[in-house]
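Report on the structure given below.
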Amino acid sequence: GTYGDDFGSWVALSGNTGGGNVDVVAGSTTLAGPLNAGAGKVTLSGPVDGSGLISADTLDLQGSGSAGSSGARLQTAVNTIQINKAGQNVYLNEADAVNLQATASILDVVAGDTTISAPLTAVAVALATGALHVNQAVNATAVTFNHNGALDGSGLVSADQLNLNG
């Protein structure tokens, strides 16, 4: 099943859905503890912070407001991360391999092996990964790839500044 609600201002979130989906729209969401959707999807709309680990098949971050910060990244353990936060900053620490699709202002992700599986658009992109598979276009003013494995793929990287460290 899907668990969802439209919270007006603020919500503290944690729990286990047993595999169901979570869909939250809030003025601000704080991950007060682990949020485990198993094979389900977690959709969070609005600003998101907190130290709780998000576990799911897919994490979908939408809407206005940043997700995490440079000093307090969102903690995730998911297969796919979808981000639609144009003009917003997103800071994530993914526990392992991930498929990444994103639109943001600043996108800063630490992860295991990472596949860019849909176009990625941002002002600044910083990816610290294991292997990095650029299978779709990356469009940004500044791009930094810090990869500890292979860097490959057929996606075009368009940037004014490109830093490759691996």
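One-based numbering along the sequence shown. For the numbers below, each heavy atom of this structure counts, side chains included, while hydrogens, waters and symmetry mates do not. In this text the structure is predicted, and so the values were computed from the model without any measurement.
Between the side chains of S105 and Q88, no donor-acceptor pair is found at a separation under 3.5 Å. Under the 3.5 Å distance criterion, with hydrogens and angles disregarded, no donor-acceptor pair is assigned to the side chains of N84 and Q62.
Between A26 and P47, the shortest heavy-atom distance links the atoms O-CD, 4.1 Å. Listed here is the closest heavy atom pair of T30 and G50: CG2-CA, 4.2 Å. Taking every heavy atom of both residues into account, G20 and A37 meet most closely at O-CB, 3.4 Å. Contact detail for L107 and A122: the closest heavy-atom pair is CB-CB, 4.4 Å.
N93 places none of its side-chain heavy atoms less than 4.5 Å from the side chain of T76. Inter-residue side-chain proximity for N21 and V42 is flagged as unmet; no heavy-atom pair is nearer than 4.5 Å. I81 is listed as a side-chain neighbour of E94, based on a closest heavy-atom distance under 4.5 Å.
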Exercise. Take N36 and S55 through the side-chain hydrogen bond (donor to acceptor under 3.5 Å, both in side chains) test and state the conclusion after the steps.
Key: CA-CA 5 Å; N36 186 346; S55 301; 4.9 Å; no
Quiz prompt | L61/Q82 under side chain to side chain contact (heavy atoms under 4.5 Å, CB included): CA gap, chis, key distance, verdict | solution = CA-CA 6 Å; L61 298 171; Q82 302 168 328; over 6 Å; no
Exercise. Evaluate the criterion side chain to side chain contact (heavy atoms under 4.5 Å, CB included) for residue pair V157 and F145; output intermediate values, then yes/no.
Key: CA-CA 11 Å; V157 177; F145 293 153; 4.1 Å; yes
Quiz item: Does the side chain to side chain contact (heavy atoms under 4.5 Å, CB included) test come out yes or no for V143 and N163, once each step is laid out?
Solution: CA-CA 6 Å; V143 174; N163 299 303; over 6 Å; no
Exercise. List the steps and the verdict of side chain to side chain contact (heavy atoms under 4.5 Å, CB included) for L35 and S14.
Key: CA-CA 5 Å; L35 176 62; S14 66; 5.6 Å; no
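Note: D96 CG to D113 CG = 9.5 Å, rounded to the nearest 0.5 Å. Considering CG of D57 and CG of N79, their distance stands at 4.5 Å, rounded to 0.5 Å. If you take CD on Q136 and OG1 on T121, they are separated by 11.0 Å, rounding to the nearest 0.5 Å. Once rounded to the nearest 0.5 Å, the distance linking CG of N146 with CG of L132 reads 10.0 Å. If you take CD on Q101 and OG1 on T58, they are separated by 8.5 Å, rounding to the nearest 0.5 Å. The structure places CG of N165 at 11.5 Å from CG of L127, a figure rounded to the nearest 0.5 Å.
A donor-acceptor pair is defined here as one N or O able to donate and one able to accept, closer than 3.5 Å; no such pair exists between the side chain of K85 and the backbone of S66. With hydrogens and angles disregarded, a donor-acceptor distance shorter than 3.5 Å links the side chain of R73 to the backbone of D108. The backbone N or O of I116 lies less than 3.5 Å from no partner atom in the side chain of N135, so there is not a single donor-acceptor pair. Side-chain atoms of Q75 never come within 3.5 Å of backbone atoms of I54 as a donor-acceptor pair (strictly under, hydrogens ignored). Counting only distance, with no hydrogens or angles, the side chain of T80 and the backbone of V78 share no donor-acceptor pair below 3.5 Å. Remark: the backbone N or O of S117 is not paired with any side-chain donor or acceptor of T115 at under 3.5 angstrom.
Connection of V123 to L156 is not established within any shared hydrophobic cluster, with ILVMFWY side chains joined at heavy-atom distances below 4.5 Å, either directly or through further cluster members. Hydrophobic clustering, with ILVMFWY side chains joined whenever heavy atoms are under 4.5 angstrom apart, groups V138 together with L164. Under the 4.5 Å side-chain heavy-atom criterion for ILVMFWY residues, no single connected hydrophobic cluster contains both L13 and Y91. Placement of L53 and L92 in two distinct hydrophobic clusters is found when ILVMFWY residues are connected by side-chain heavy-atom separations under 4.5 Å, directly or transitively. V48 and I106 fall into different hydrophobic clusters, where Ile, Leu, Val, Met, Phe, Trp and Tyr side chains are chained together by heavy-atom contacts under 4.5 Å.
Screening residues 25-48 for salt bridge (charged side-chain N to carboxylate O under 4.0 Å, His left out), with sequence neighbours left out, gives K41-D60.
The salt bridge (Lys or Arg N to Asp or Glu O under 4.0 Å) check on D49 picks up nothing, with sequence neighbours excluded.
Partner of S45 under the side-chain contact (heavy atoms from CB on, under 4.5 Å) criterion, out of V25, T29, V24: V25 alone.
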